[in-house]
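Each chain gets a letter, A, B and so on, in the order its sequence line appears, and its residues count up from 1.
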Amino acid sequence: MNYGGDRDSATICAVSTPAGFGGISVIRLSGANTLKIVRQVFKNLPPSPESHKAFLGQVLDPTSGLALDQVVVTYFAKDRSYTGDETIEISCHGNPLICDQIMKALVDSGASTAMPGEFTYRAFMNQKLDLVQAESVLSLIESRSHKSANLAYRQLMGGLSQKIESIENQMTWCLAHIEASIDFSTEGLETTSQNELIVKLSQSNAEIDEILKSYQKGRLVRDGIQIALLGQPNVGKSSLLNLLLDYDRSIVSNIAGTTRDVVSDETIFEGQRLIFLDTAGIRTHSHDEIESLGIKRSFEESKRADRIFYIFDLSLGLSEEDQKWLSTLDSNKVTLIGNKMDLISSVKLDETLKYIHSKAAARQLRVIFTSTVDKNSREELLKHVVSQLVSERSSDNEVLLANSRHYECLKQASALIQQAVDSLIEGTGAEFVSLELKSALMRLQDMLGKRFDDQVMDRVFKEFCVGK
Amino acid sequence: MKNADIIVVGAGHAGIEAAMASAGLGLSTLLITTNLDRIGYMSCNPSIGGLAKGHMVRELDILGGHMGFAADQTCIQYKRLNSSKGPAVRGTRVQNDKKLYNQHMTQLLNSQPNLKVVRGDVKALILRNQVCCGVETQDGSRLFSTSVIITAGTFLNGVMHVGLQQSPGGRVGDQASVGLSDQLKENGFVVRRLKTGTPPRLLKESIDWSKTTAQYGDESFFPFSLKSSRQFRLPQVACYLSRTNEQTHEIIRRNLDKSPMYCGIIEGTGPRYCPSIEDKISRFADRDSHQTFLEPEGLDSDLIYLQGISTSLPEEIQYEFLKTIPGLENVVMARPGYAVEYDFIEPTQIWHTLETRTIQNLFLAGQINGTSGYEEAASQGFIAGVNAAFKILNKNQFILGRDQAYMGVLIDDLVTKGTREPYRMFTSRAEHRLVLREDNALDRLSLVSESLDLLASDSLEIMQDLSARRTQQKEYLKQTKIFPTQVVQAELVARGLVEMSKSLTLEEFLRRTDVNPSLLSELGFAIDSDPLVSEAVEIDVKYMGYVKRQHELILQAKKFEDLLLPQNFDYKTVKGLSNEEIDKLSSVLPRTLGQAQRISGVNPSAIQAIMVFLKSSYSKEPHRARLSSPAGVPVQLAPRDLV
């Protein structure tokens, strides 16, 4: 990808709304020749249009003069637009064919088709957004839940960037004082004491640690919690899945082994996205080849899940095979679910429950009893998962780390600051502390995109879709 | 008819090095000074060296300069600075006998072949078609040469201030130089004004020494110069510490309106880190006392230099506040403190060779480029002298890199960033600080020195010998192993040290912080007894890991350091640059992307914009830089060997 370069002089255009039919589609143009190009296809713009004003009119094919559509053109002056360059958004009827025609007309008039993320790249280049904010635009667009969107929005508004910048300032202060202690040692000034520096740097590191800790949670909020459903055939996995997803979905039948393949689907609970991996039933002795493939896959899937629901039939109890499979799973991730509670006679229930509880306690597993005919089971189950992994205590203003690139930068910065603190304590020498702090600062600047690195640029902007 | 190949204007610290270098390289040199009695005169503090400054003096010495040896010969107090800190930030500072220094330098110049020193007051340059070919003096004489080096110090349109009284002059006892900077202004140079101050000089007998605290220098001497002996040549003296107090401050505060700095009479910018006592009182108002050192100006001098109390208050006020300082109750001033204002040429107008960009064969060195300090001046003088000579001899340009020497950092900073206040060298200015140490100046620059061929043969021998022994020692440490035998372990334990866990090369063993060369020697290994060899090698070994990391850091930060920028690059064609950035880049015309990065006001996004522009402009990978002179002739950099 070659962002920038002679592309910088190009006026780019792209359809910014999702492909398909709808009420409105928006085509965006940005660059030095925006007005000039648009005037060739749209005649209703005044000689000096006011920024942020909308104009109704027709888009005409530049060669034939035929009207392609009636549109609304919105004009954004340079420095007052998303990208920082002069920008126009053409709102046309939401038909992909019409969009194509208008795009062709614009390209024929001198525009270039935008590359993925190029509008946001320009916003970054024109210093309208720092890199973290630019990435949050992508996150916002791709959010699948309220919480995730909210998180991305806060990041776009600079929540994370501000925190990082304040840490950066603290560290720069320390660096300045260390340099002063080297270069002005003969002036008889009492430069900052060693201790004060250690305290300040440890503080910065503690703040970074807080942010790092939020990564687990942040990732889950942004990407969703993945839950694998495991269990013997016919324990009611599919109907439980239907319940959790809140609608009828998988094929449910009494024939053991009906749902063959791994199916994933998702739901949103209290703003949090949850993704379910439904799997084939587990049987130790399987002669059916397709099924054994499904079994293997389901175990692999379960490894990358954030939570495993191991389901068993309460009326049949926890079999030897169940216990065997349970022992192979990471008990930190497992919630044991005794299903079909409605099928047990109340006489047997107490006894069964006690027995299961003791078995579960032995493995330190949480056990929940459900019945797919009981709608409350859904709430109970999902609440349990969400509170475990993404505690409800989180306020809406909390800044969470959700991006692996950020995580790497901060982790490295943290290690370097720790080295600096250790050096200070050992009395190793101010010039080394300075070196370590400078390296740490560079990591923070990397995160915010303050230092040029074309590999980083590529990595970030390639993930965007065209039109963003 | 030429009077000389090279004319040097001004016989201060820059002028001396310039003239000696040029004459040493075989070119006929004429040094013109307004005062033959003040060759190498120390205008301010009678001392040479300091943190980072001392580094430059050592580098200069290795390359063939003269300040170091002169400083050693006239040293009356020696101090090793930051000795408790790491080797990269240790420094050397000496107090000197001013008169003897001046005598030493005078004799040096007078006995140098190819060099003639004359009295004269230069008022203008002789220019023909943007080429400088001589100078004209106040009495009307015209002297012709191939090149001219101006090292006029603080004399250009110099004005001295004591209280509200002004008088023209570069310093007390020396007239100002009038005409030169005006001519440069007329020729399109940007000329600005700086100021600097100096403390009062006190009469020795009028001081009550019992009220002060004696401060002695170090006993072991590590001289600047290769050829200096480690014995002090002159008797060593003490300096004396005293302090100001609230009374002192009160008097100064009351009279700030009589200080030309504060009335706005002086327009020049002063150095932030060398503040006058008026500055100190105002900016550090919460301090109730400032220290001051009473420094003798020479072994048989009557004068005491009052370090830390530079001032331009009226003489009566100076007396008033001086008397409040312990020891100075009955002091008599030989000369009051004063400020001097002078012109300087914005250094972005010269190349790395110190030749000006617009007038050929004109070189500028020293405070005229906006620096402060004798060491900064001497470094520039040397570089200007060598380059002026090399140009005539048709040799490659002499430019030191930022990773080779503080001298390189100095010139690059000046030429790239310019300066608004008197520029002084600090260790923090050098990103390669860990490599630019006093102990390894030899290793960094010995090859360069040999190729320059300016170093006297006795120094050369010493340098080559030390260099060879260090290399030998390093090899020995690499090749020799130490085994964890019973004997060795016992020795370690007996000294309270941790035992060895496995066999190591001596180099690996020396990396331990608790191991040093004398231990190795005691264990029976062949270690060179000269600390100039063993210590240097030790530091090298211990620093290796850090140096590598620093290098990586620099590589990361300066990924595009060497990327050549086209000579006449039109920055207006690059998208994404602000007007300010276009202006700065167009006026500095950086040679490399790395240099562009260092220009203040040029943001990382601008570097990105340029880089991407270049990438798309050149279909193949832009080749790594070799410097090219303005004429486009590729030039070989002085050989670099990162230690």
Residues B/Asn82 and A/Ile182: closest non-hydrogen pair is ND2-O, 3.3 Å
Might you confirm whether atom CG of B/Asp514 has over 12 heavy atoms from other residues, nucleotides or ligands at distances under 6.0 Å? yes
Not counting sequence neighbours, which residues clear ring-ring contact (aromatic ring centres under 6.0 Å, His included) with B/Tyr543? List them please. A/Phe432
Would you say the side-chain atoms of A/Asp183 pair up with the backbone N or O of B/Leu51, donor to acceptor, closer than 3.5 Å? no
Who are the salt bridge (Lys or Arg N to Asp or Glu O under 4.0 Å) partners of A/Arg39, not counting sequence neighbours? none
Rounded to the nearest 0.5 Å, the CD atom of B/Gln550 sits from the OG atom of A/Ser439 at a distance of 9.5 Å
Within-4.5 Å side-chain heavy-atom neighbours: B/Arg437 and A/Glu431: no
Taking atom NZ of A/Lys411 as the centre, does the number of heavy atoms from other residues, nucleotides or ligands within less than 6.0 Å exceed 12? no
